[in-house]
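Let me begin by presenting the structure, written as structure tokens, before commenting on it.
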There are 2 protein chains.
Amino acid sequence: MTTIRDVAEAAGVSIATVSRALHGLPRVSDATRQRVLAAAAELRYVASPSAASLASGQTNAVGVVAPFINRWYFAAVVHSAEERLRKAGFDLLLYSLGTDVQERHRAFSGTLLSKRVDAVLVLGLHPTADEVAALSAVGGPVAIVGAKVPGWASVRIDDEAAARSAVRHVLDLGHRRVGFIGGDDPLRTAMPAERRAGYRAELIAAGLPVHPELEAVGEFTVRSGYAAAVRLLQLPEPPTAIFAASDEMAMGAVQAARRAGIAVPRDLSVIGIDDHEMAELLDLTTVAQPVVAQGVLAAEMLLGALVEPDGEPHSVTVPTELVVRGTTGPAPRRG
Amino acid sequence: MTTIRDVAEAAGVSIATVSRALHGLPRVSDATRQRVLAAAAELRYVASPSAASLASGQTNAVGVVAPFINRWYFAAVVHSAEERLRKAGFDLLLYSLGTDVQERHRAFSGTLLSKRVDAVLVLGLHPTADEVAALSAVGGPVAIVGAKVPGWASVRIDDEAAARSAVRHVLDLGHRRVGFIGGDDPLRTAMPAERRAGYRAELIAAGLPVHPELEAVGEFTVRSGYAAAVRLLQLPEPPTAIFAASDEMAMGAVQAARRAGIAVPRDLSVIGIDDHEMAELLDLTTVAQPVVAQGVLAAEMLLGALVEPDGEPHSVTVPTELVVRGTTGPAPRRG
DNA sequence: GTGAAAGCGCTAACAA
DNA sequence: TTGTTAGCGCTTTCAC
């Protein structure tokens with residue numbers, strides 16, 4: 001293995017000079033720097049990250065903690081964050097948790113992250129006070145996407161407002177019986193509750209009653225959205241519009257309606273949240289949230305905090321936008 | 001920061017004993033081990049990975065090199081591989097390349113991976129001889145998913161056979177004019193070429209001519225599949241069936257047909273490859289490939305090679321399966 | 001502008 | 001069964 005010593009010998013300098021030259025530090029003459037660079041390239045020298053970390057206390061890695069990586073939203077955010085971080089010279093350590101409580105605990109306790117990363121990016125999770133304390137104790141800056149935590153930088157949409165604008169859209173179309181398909185919250189992300197709150201708030205603001213039987217809960221998946229829609233559509237007095245807390249669930253709902261011979265949007269309007277990459281294909285009306293921007297923004301907040309550890313962490317709410325497509329339409333005339 | 005020295009003091013033993021006790025090595029009395037474990041827990045001690053790596057030469061991390069992480073197939077494989085690797089105590093370093101040639105070069109040259117990981121998992125890329133040499137020089141075992149490389153462990157489907165079975169299905173339904181939507185190959189993955197070869201081979205085996213104008217190439221995306229289908233359907237003599245090299249492209253093709261007023265499957269049959277998570281929802285006929293199995297298998301091959309470095313790397317081809325759904329049907333009568 | 005040397009926190013060989 | 005000690009390869013201070 002090529003070490004810094006080999007490079008030093010080849011260039012005829014000390015290892016200290018090699019280190020300085022390779023890091024672009026001052027106090028190295030141009031001639032020397034060139035010689036070192038040439039020797040390093042010649043020998044294909046790559047510094048040992050372990051040794052560098054041990055000596056410097058910096059890992060040049062960022063940990064990403066997310067519940068899933070194989071869900072559109074998370075994959076998109078991770079992808080954009082990774083791109084930004086790598087450009088800044090950081091590696092990405094991935095911790096996708098699934099719904100396993102054990103895993104979640106290990107990730108947040110610091111066992112996995114302590115001394116391993118310079119900063120942490122949390123996605124789509126709403127940590128408890130204990131978890132916040134534990135992760136903060138790891139040492140580096142933490143940024144969170146999809147929730148707001150005091151002391152941490154955060155990027156998110158206003159989930160309640162997004163839900164309200166979705167519901168408002170169908171109310172504007174004349175719908176008065178609006179169903180809700182929400183997700184349960186095994187990872188305690190808070191997001192599902194906020195979207196439900198928005199749904200209810202908008203109904204109330206319109207002077208409409210909140211009917212618990214019009215609310216169905218499942219997972220944030222197509223399949224679960226399908227099942228939830230089936231339940232809603234079998235009600236004695238089914239909704240004429242369904243607001244689903246995610247596009248994946250909305251897609252399932254559209255499919256359920258079609259299979260039941262209920263025409264969308266003639267007999268049933270469906271709206272989701274996300275603007276999933278398949279939403280356009282399926283002609284789904286939705287409230288779009290910017291995923292790339294959230295990933296990049298969070299990455300940059302981390303980068304900023306790494307440079308300036310004492311800066312106040314920012315909390316940014318990015319805008320959502322109603323995207324009207326073909327799954328919503330005027331409320332059907334009363335039968 | 002708590003170091004091994006603190007634990008040693010608290011337990012009243014030497015640091016060597018702490019190390020042994022924590023690693024479950026023999027030559028530690030039960031009583032001592034208990035005391036050490038208790039002290040470590042009490043102090044919330046977490047060993048420094050950098051120091052451990054430097055001293056032991058092992059990083060306990062696996063690098064995953066993939067072109068995209070935000071594509072269904074890759075996300076699914078990474079997810080399952082990560083789960084398996086983490087269970088074995090390994091961290092995951094993510095390198096998603098995009099289509100940037102520079103990035104690809106950096107990843108394969110070893111600059112990013114050298115001394116950073118114990119093993120590498122390559123997904124959906126077909127490295128050149130130079131790249132194989134460079135990555136092999138990094139030192140640890142390498143496993144590849146979706147291609148076969150001499151000297152590396154590999155897991156994949158038989159892309160040509162998968163394509164042939166898709167084409168056979170529509171031929172069996174009586175179609176004689178079968179279009180192909182393929183993907184170009186900026187990352188040189190070989191996969192697109194094999195699927196096209198399978199398409200042609202099956203036509204020839206059925207005694208049918210190969211019409212270049214029936215082959216459309218784009219990216220592996222819904223949008224690109226849509227555009228390609230539009231081109232095929234505008235031909236003077238359009239195909240009655242389309243085989244797309246991925247489900248995402250097939251979904252785009254279905255949408256293009258519907259928008260053009262062409263009924264699926266009455267006027268046009270469409271079949272893809274993958275069994276994408278949305279395929280069932282969209283009632284898409286496809287050739288399914290097992291994603292979780294591929295991720296887990298590749299991870300286990302790596303784990304095995306780490307334990308037994310001199311074992312012969314295995315090369316596994318996992319089976320695919322035709323899944324007939326609603327987008328394929330009998331060929332329309334000749335007009 | 002350059003080099004010598006002291007660690008960083010741990011593992012592993014060896015000694016006791 | 002336990003402790004001592006020599007590194008692992010690098011960064012960083014300090015002296016020159």
Side-chain angles (χ1 to χ4, degrees), chain A residues 1-37 39-40 43-61 89 91 110-111 113-118 138-139, chain B residues 1-37 39-40 43-61 89 91 110-111 113-118 138-139:
Chain A
M1 196 183 47
T2 324
T3 74
I4 198 174
R5 196 147 261 120
D6 301 321
V7 179
E9 259 177 50
V13 295
S14 74
I15 61 167
T17 300
V18 173
S19 179
R20 280 190 293 254
L22 258 27
H23 287 266
L25 296 178
R27 302 178 157 201
V28 180
S29 76
D30 254 20
T32 307
R33 191 184 303 277
Q34 292 312 324
R35 245 182 317 134
V36 170
L37 257 29
L43 296 171
R44 298 180 196 290
Y45 169 70
V46 180
S48 155
S50 310
S53 299
L54 187 56
S56 71
Q58 301 210 309
T59 63
N60 282 314
D91 275 334
T111 325
L113 291 164
S114 179
K115 304 176 189 172
R116 219 168 248 281
V117 298
D118 294 333
V138 165
Chain B
M1 196 184 47
T2 325
T3 73
I4 198 174
R5 194 146 263 118
D6 301 321
V7 179
E9 259 177 51
V13 295
S14 74
I15 60 167
T17 301
V18 173
S19 179
R20 280 190 292 256
L22 258 28
H23 284 118
L25 295 179
R27 302 181 157 201
V28 180
S29 75
D30 253 20
T32 308
R33 191 184 303 277
Q34 292 313 324
R35 244 181 319 134
V36 171
L37 256 30
L43 296 171
R44 298 181 197 290
Y45 169 70
V46 180
S48 155
S50 310
S53 298
L54 188 55
S56 71
Q58 300 210 309
T59 62
N60 282 315
D91 274 334
T111 325
L113 291 164
S114 180
K115 304 174 188 172
R116 219 167 246 280
V117 298
D118 295 333
V138 164

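A, B, ... follow the sequence lines: proteins, then strands. Residue 1 opens every chain. Values reported hereafter were calculated over all heavy atoms of this structure, with side chains retained and with hydrogens, waters and symmetry mates removed.
Listed by chain and residue number, A:A16, A:T17 satisfy the side chain to side chain contact (heavy atoms under 4.5 Å, CB included) test with A:S14 (two or more places apart in sequence, or in another chain). Partners of B:A39 according to the side chain to side chain contact (heavy atoms under 4.5 Å, CB included) rule, which considers only residues two or more places apart in sequence or in another chain, are B:V7, B:A10, B:A11. With sequence neighbours excluded, the residues satisfying side-chain hydrogen bond (donor to acceptor under 3.5 Å, both in side chains) with A:T32 are A:S29. Qualifying side-chain hydrogen bond (donor to acceptor under 3.5 Å, both in side chains) partners for A:R116, counting only residues two or more places apart in sequence or in other chains: B:D91. Every side chain to side chain contact (heavy atoms under 4.5 Å, CB included) that B:N60 has, sequence neighbours left out, goes to B:F90, B:D118.
Looking at every heavy atom in both residues, B:A21 comes nearest to B:V28 through N-CG2, 4.0 Å. For the pair B:L54 and A:A51, the tightest heavy-atom approach, listed with the atom from each and the gap, is CD1-CB, 3.7 Å.
Between chain A and DNA chain C, the heavy-atom contact criterion of under 4.0 Å yields a 5' to 3' nucleotide range of C:dG1 to C:dG9. Read 5' to 3', the first and last nucleotides of DNA chain D with an atom closer than 4.0 Å to a heavy atom of chain B are D:dT1 to D:dG9.
Sorted by residue number, the members of residues 45-61 of chain A with any non-hydrogen atom under 4.0 Å from DNA chain C read A:L54, A:A55.
Along DNA chain C, the nucleotide nearest A:S29 and the nucleotide nearest A:I15 are compared for position; the residue whose nucleotide lies closer to the 5' end is A:S29. Position along DNA chain D of the nearest nucleotide to B:R35 versus A:I4 favours B:R35 as the more 5'-ward residue.
In this structure, the helix from C:dG1-D:dC16 to C:dA16-D:dT1 shows an angle of 30° between the axis at its start and the axis at its end, each fitted on 5 base pairs and rounded to 10°.
Taken from CG in B:L37 to CG in B:D30, the straight-line distance is 10.5 Å, to the nearest 0.5 Å. The CZ atom of A:R20 sits 10.0 Å away from atom CD1 of A:I15, with the distance rounded to the nearest 0.5 Å.
Here side chain to side chain donor-acceptor pair (under 3.5 Å) pairs that include residues 43-56 of chain A, with residues two or more places apart or in two chains, number zero.
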